[in-house]
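This report concerns only the one structure given below.
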Amino acid sequence: MRWPRTGPGAALAVTLALAGCTGAAADDGAVTVAVSTEIIADLVRNVGGDRISVDTVVPAGGDPHSYEPTPADAAKVARADVAFTNHLLLEEHALIKLFDSNVPAGAPNVSLAESAEPYGATLIPLVENLDLDVLWLGLAVRGKGPTRTADVRMSVTAVEGPGRFAAYLTDALGQPKVYYDSTDGLTDADVAVLPPDAHTHLNWSFSAPGEYRVTMTARVDAGDGTPPRQLGSGTFAFAVGVDPRGTLRDGRTRLLDAGHTDLAVDLDTGQVFARTDEQGDLPAGQVVVDVPDRAIEEVPDDTRFAFLGAPGTKVWQLPQAVLGKHVHGEIDPHLWQDVRNARAYAEVIADTLAKVDPAGADGYAANLSRYLDELSELHAYVGARLARVPPDRRNLITTHDAFGYLANAYGLTIAGFVVPNPAQEPSAAQVTKLTETIRDLRVPAVFVEPQLAARAGVLKRVAADQGVQVCLIYGDAFDRDTTSYVAMMRHNADELLRCLGGER
């Protein structure tokens, strides 16, 4: 296979211009590098060798999607000669803000996923299809915005209806974060803040059946000292526990009752609209969102959910489906699951380090050459191992949608499933859906990431009921047993073959 290569010193698409940037080395002469994740740290160490010192912000075993940085993390970034994040909204937005606010002036601040494409990396869309039996409703921002750290504030400014309206997100440990709550009237606190070009999942809850009108407004704050810019507003109709056809009136002609839809704002036009998978973009005033009786849940006996009502009270709720705080964009950010993309990351890193530290350029080039050979061998190994999995056993069910590149590169299929709120007993429909997926596809194993064990209870239970294995796979982070990218990918290939193909 011929690998794309632009060569050390080639023009590099990075966040900050590199021309003339030499950095200020640490006291011991090493180039100080700040990175967001363990995986990036390992790639940097393989290329940088003993000329660099690496500080990693997300701790060992941490989840970059949800990690909230600390003042100590800011100090790490502030002393860096060069910084690398993945971005494409992999990292928590606060973590990207930390990098952009604290990387020293003139030091390169590189978004690897965006920078790797000119080096031969392949980017694929993030595909979400959990096949719920009700609408999957989220929030989204379209457009790049003035900066990658801009805040887009989507507020609920009015609610009309027969009961309480709330929208919230449940994190991986079952803790709810409430974004909108009409119980005591709406205030400036009824807001969700997203970065540009991002999407998130929410639970949308209503305490009584009937017709609701929910008005959303949006504004964008660049975070650079300029005044916030007001965007548009729109009013969405919800048919809760009633025949939605009775709500299709007064210009509302589009029913949203299945698939994936976002209530969205466009940063260029200011329009607030419904972005749907099946019907395209629809103005807020044209749509009716169906919240049917099959969406009824009971408020759990847990004080954290008291804002929904008394324990056992019925609420009509469209689920967030994917458990945990999960803000993301349209492109899958987990590029390294295709080893060829990790090669592109290594090339970006080598060229960046050579610009920061010209005296070390030859050493970086030599390290890169050795590491590219190792990654070529790794790609061949992963491909050969997974080629031995029988075609009818290549369905992958995991705790986290992080394996699209692995599937795309090595011939697997992402089956996916719904993860319920851990504060509630999973509904019969959720358990049935997962059970049917495993049974119908004759899946021999399911896969759990070590740092996401809290999300895997239902998956493990159903797997046990169906007599299938629960196996270990690495996505975003290492653990005590696996501490390098090469070891991680070799483990994944071996484990997939063992658990899906029945081979050692």
Item to check | Side-chain donor-acceptor contact under 3.5 Å, Y410 with N492 | outcome: no
Next on the checklist: Looking at R79 and P104, would you say the former's side chain and the latter's main chain have a donor-acceptor pair under 3.5 Å?
Outcome noted: no
Checklist entry - Do side-chain atoms of Y371 reach the backbone of L43 as a donor and acceptor pair under 3.5 angstrom? => result no
Next on the checklist: I'd like to know if the side chain of S376 pairs up with that of D373 as donor and acceptor (distance under 3.5 Å, no hydrogens or angles considered).
Outcome noted: no
Checklist entry - Do R254 and T276 have side-chain N/O donor and acceptor atoms under 3.5 Å apart? => result no
Item to check | A407 backbone acceptor or donor facing Q337 side chain under 3.5 Å | outcome: no
Checklist entry - Donor-acceptor pair, D357 side chain versus L353 backbone, under 3.5 Å? => result no
Next on the checklist: Does the plane of the ring in H201 sit parallel, tilted or perpendicular to the ring in H260? Use 30° and 60° as the thresholds.
Outcome noted: tilted
Next on the checklist: When you compare the side chains of N408 and D338, does any donor N or O come within less than 3.5 Å of an acceptor on the partner?
Outcome noted: no
Checklist outcome for this item: Rounding to 0.5 Å, atoms CG (L396) and CG (L412) come to a distance of 6.0 Å
Checklist entry - Which residues pass the side-chain hydrogen bond (donor to acceptor under 3.5 Å, both in side chains) test with Q469, sequence neighbours left out? => result R498
Checklist entry - Distance from E449 atom CD to D479 atom CG, nearest 0.5 Å? => result 11.0 Å
Checklist entry - So which pairs with a foot in residues 475-504 pass disulfide (SG to SG under 2.5 Å), sequence neighbours left out? => result C471-C499
Checklist entry - Between H199 (side chain) and R142 (backbone), is there a donor-acceptor pair under 3.5 Å? => result no
Checklist entry - Side chain of R385, backbone of D494: donor and acceptor closer than 3.5 Å? => result no
Checklist entry - Can any side-chain N or O of D42 pair as donor or acceptor with the backbone N or O of E38 at less than 3.5 Å? => result no
Checklist entry - How far does CG of N341 sit from CD of E117, to the nearest 0.5 angstrom? => result 9.5 Å
Checklist entry - Judged by modelled atom types alone, do E91 and T85 share a side-chain donor-acceptor pair under 3.5 Å? => result no
Checklist entry - Any chance the side chains of Q317 and Y168 put a donor and an acceptor closer than 3.5 Å? => result yes
